[in-house]
Amino acid sequence: LARVSIDAQLRKCTTLESNIGDKVSLNIEVVRSNYSQQYGIHRITATTQDERAVFFSSREGYDAGTHLAIKGTVKIHRDGKTQLNRVKVM
């Protein structure tokens, strides 16, 4: 049930209104964090306060519900979410 409610929450979100290559600063809430053993990273999915969905990779894992301030670069807009790279947690 938790995954169904998370997916429903993400479907309501849209991508960031930024161009590819733009640097962005965001306050986010982590919705999902999955560890990839193959790559040794965590894949983080999060939302902003204005219902924008972002995802990025991190060596650090974060629990769902964690609030973070991040800076990153827009890599691509895909499936209603924006992928960020070069993400730094402030």
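This chain uses plain numbering: 1 for the first residue, then up along the sequence. Because the structure is predicted, anything quoted here is derived from the model rather than measured.
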Discussion item. Just verifying a value: how many Å separate Ile41 CD1 and Arg59 CZ, rounded to the nearest 0.5 Å?
Written reply: 9.5 Å
Item to complete: Kindly indicate, with the supporting measurements, whether the criterion side-chain contact (heavy atoms from CB on, under 4.5 Å) is fulfilled by Leu16 and Val54.
Response: CA-CA 8 Å; Leu16 292 177; Val54 297; 3.9 Å; yes
Fill in: Straight-line distance of Gln49 CD to Leu26 CG, nearest 0.5 Å
10.5 Å
Discussion item. Does anything in residues 24-33 form a side-chain hydrogen bond (donor to acceptor under 3.5 Å, both in side chains)? List the pairs, not counting sequence neighbours.
Written reply: Asp7-Arg32
Discussion item. Give me the atom names and distance for the closest heavy-atom approach of Ala46 to Val30.
Written reply: CB-CA, 4.0 Å
Fill in: Pairs involving residues 67-88, ordered by first then second residue, that meet salt bridge (Lys or Arg N to Asp or Glu O under 4.0 Å) (sequence neighbours left out)
none
Worksheet item: Residues two or more places apart in sequence or in another chain: which of them pass side chain to side chain contact (heavy atoms under 4.5 Å, CB included) with Glu17?
Response: Arg52
Item to complete: Under the side chain to side chain contact (heavy atoms under 4.5 Å, CB included) rule, collect the residues that match up with Val87, sequence neighbours excluded.
Response: Phe56, Ile70, Leu84
Practice prompt. Name all residues meeting the side chain to side chain donor-acceptor pair (under 3.5 Å) criterion together with Asn85; count only those two or more places apart in sequence or in a different chain, and write none if there are none.
Written response: none
Worksheet item: Please, which pairs that meet ring-ring contact (aromatic ring centres under 6.0 Å, His included) have at least one residue in residues 7-43, sequence neighbours excluded?
Response: Tyr35-His42
Worksheet, complete the sentence: Value for CD1 (Ile28) from CD1 (Ile44), rounded to nearest 0.5 Å, stands at 8.0 Å
Fill in: Sub-4.5 Å side-chain heavy-atom contact between Asn19 and Val74
no
Practice prompt. Under the side chain to side chain contact (heavy atoms under 4.5 Å, CB included) rule, collect the residues that match up with Glu60, sequence neighbours excluded.
Written response: Ser58, Tyr62
Fill in: Distance in Å, Ile76 CD1 paired with Ile20 CD1, rounded so as to fall on 0.5 Å steps
5.5 Å
Worksheet, complete the sentence: Rounded to the nearest 0.5 angstrom, the CD1-OG1 distance for Ile6 and Thr45 is 9.0 Å
Practice prompt. For residues 70-90, pull every pair meeting ring-ring contact (aromatic ring centres under 6.0 Å, His included), keeping only residues two or more places apart or in separate chains.
Written response: none
Worksheet item: Taking all atoms of both residues into account, what is the closest heavy-atom pair of Val31 and Ala64, and its distance?
Response: O-CB, 3.6 Å
Response to the item:
Sorted by chain and number, sequence neighbours left out, side chain to side chain donor-acceptor pair (under 3.5 Å) with Thr66 holds for none
